[in-house]
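Written out below as structure tokens is the structure these notes cover.
We count ligands from 1, going down the list as the structure has it; atoms in each ligand are counted the same way.
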Amino acid sequence: MTRLQPDDIRHIPSCLADYSRDLEKKTGRSLLGIACHAWGMAEDRFKERRHLKRICVVPVTAGLGMISRFSDTVAAILTFLGCRAIVAHQADVAGLAEAVEAGFDAVMMADDDRFVAIDLLTRQVTDNSDATGRGFAAALDVMAGRIRDREVLVMGCGPVGGAGAGLLACLGARVALLDRDRHAAERVKNAVSQQCPTSGITIEQDLDTALSRHRFILEATPAPDTIPRARVSPDMRVAAPGVPLGVSPGAAAVLGPHLVHDTLEIGVAAMAASLVCEPARTETNK
Ligand code: 2YG
């Protein structure tokens, strides 16, 4: 899993309104809209309920330690969406205890292994990887004008790519998986086939062939420049949750408004939508 650097997120709090407008131009949906779409929720339901959950973001010093302004950035995204969110005054156990003792309804916190939102009442745990995969799959769905019956290439079969593949399959896309580790691709294929039995999941062997065959791409690898300039065309649509961005600068220039990428916003917004609207945790989206 990629660890964010301060420079990856420094710009976020001051650019949220512009970013949401940019998303709306690119996809037809705002940051809030994409976050709701990730769980199949109506924006109105989010807007009605977003004040009901007081959220405390708790910094964590474990492992490689805190990332400068990470918790503040998470809280800024939540506040931008109209949620009630603050950063705990203390970190770690003291911060978690502070949140519970002060009557917060949910906490959001991240160590080196997991970044989660925990509803203290329902005990629902939303993982950032799952929310990010779903959020970018939702963005691809709206960019494609509904992904149903379209062929989609999912590059990177880790937790983010796997969650994105699951939602895309449930939305009716024909999903092709690509990963250097074939076992990872097989694992996702099995998981998605259980989650969405009607889906037609295939595994691609070769990057160049796969890119030449697909217009719609979810790029969820932790590698830069996996999609080179020579492999893109203006009719493609790419949603890229992978950090660093897997689309080369030349390819990004060709894609222009048909590329959605960020380092934290869509994933955190989808976590907020999950907290606020408590999607029914059926088998399909566990
Ligand atoms: O509380 C803190 O400041 C740190 N313990 C946060 C550490 C987060 C480590 N994880 C990552 O940097 C990413 N996996 C976060 C999510 C990236 C979204 N694509």
Side-chain angles (χ1 to χ4, degrees), residues 1-13 15-16 19 23 31 34-35 38 55-78 80-81 85-99 104 106-118 125-140 154-165 167 218-224 226 238-247 259-275:
M1 170 188 308
T2 308
R3 178 178 169 90
L4 292 172
Q5 301 302 318
D7 282 349
D8 293 328
I9 60 174
R10 194 181 312 281
H11 66 288
I12 292 176
C15 299
L16 281 164
Y19 181 61
L23 275 178
L31 178 62
I34 286 172
I55 305 167
C56 186
V57 182
V58 181
V60 174
T61 62
L64 296 174
M66 288 163 60
I67 297 174
S68 170
R69 309 202 56 74
F70 175 82
S71 296
D72 293 315
T73 303
V74 171
I77 297 167
L78 296 171
F80 173 74
L81 295 171
I86 68 151
V87 177
H89 299 96
Q90 303 171 92
D92 303 324
V93 174
L96 179 56
E98 175 191 330
F104 280 87
V107 293
M108 287 177 73
M109 51 204 309
D111 63 14
D112 299 343
D113 301 310
R114 290 191 71 182
F115 173 17
V116 293
I118 301 173
V125 177
T126 304
D127 193 289
N128 172 265
S129 294
D130 191 43
T132 300
R134 295 178 74 102
F136 278 83
L140 193 56
V154 175
M155 300 170 65
C157 292
V160 174
L167 179 57
L218 183 74
E219 202 291 339
T221 75
T226 52
V238 180
V243 176
L245 175 58
V247 177
L259 167 64
V260 168
H261 168 72
D262 69 40
T263 55
L264 203 53
E265 298 95 319
I266 286 176
V268 168
M271 292 169 87
S274 174
L275 269 182

**Q.** By side chain to side chain contact (heavy atoms under 4.5 Å, CB included) - contacts of Pro59 (at least two apart)
**A.** Met66, Ser71, Val87, Ala88, Ala91

Q. Do the side chain of Asp111 and the main chain of Gly63 share a donor and acceptor less than 3.5 angstrom apart?
A. no

Q. Do Thr263 side-chain atoms and Asp8 backbone N/O form a donor-acceptor pair below 3.5 Å?
A. yes

Q. What does the list of residues with a heavy atom under 4.0 Å from ligand 1 look like, ordered by chain and number?
A. Met1, Thr2, Arg3, Leu4, Pro59, Val60, Gly65, Met66, Ile67, Phe70, Ala110, Asp111, Asn128, Thr263

(Q) Contact between Val60 and Asp92 at the side-chain level, heavy atoms closer than 4.5 Å - yes or no? (A) yes

Q. Crowded around His89 NE2? As in, over 12 foreign heavy atoms under 6.0 Å?
A. no

**Q.** Distance in Å, Met271 CE paired with Thr132 OG1, rounded so as to fall on 0.5 Å steps
**A.** 7.5 Å

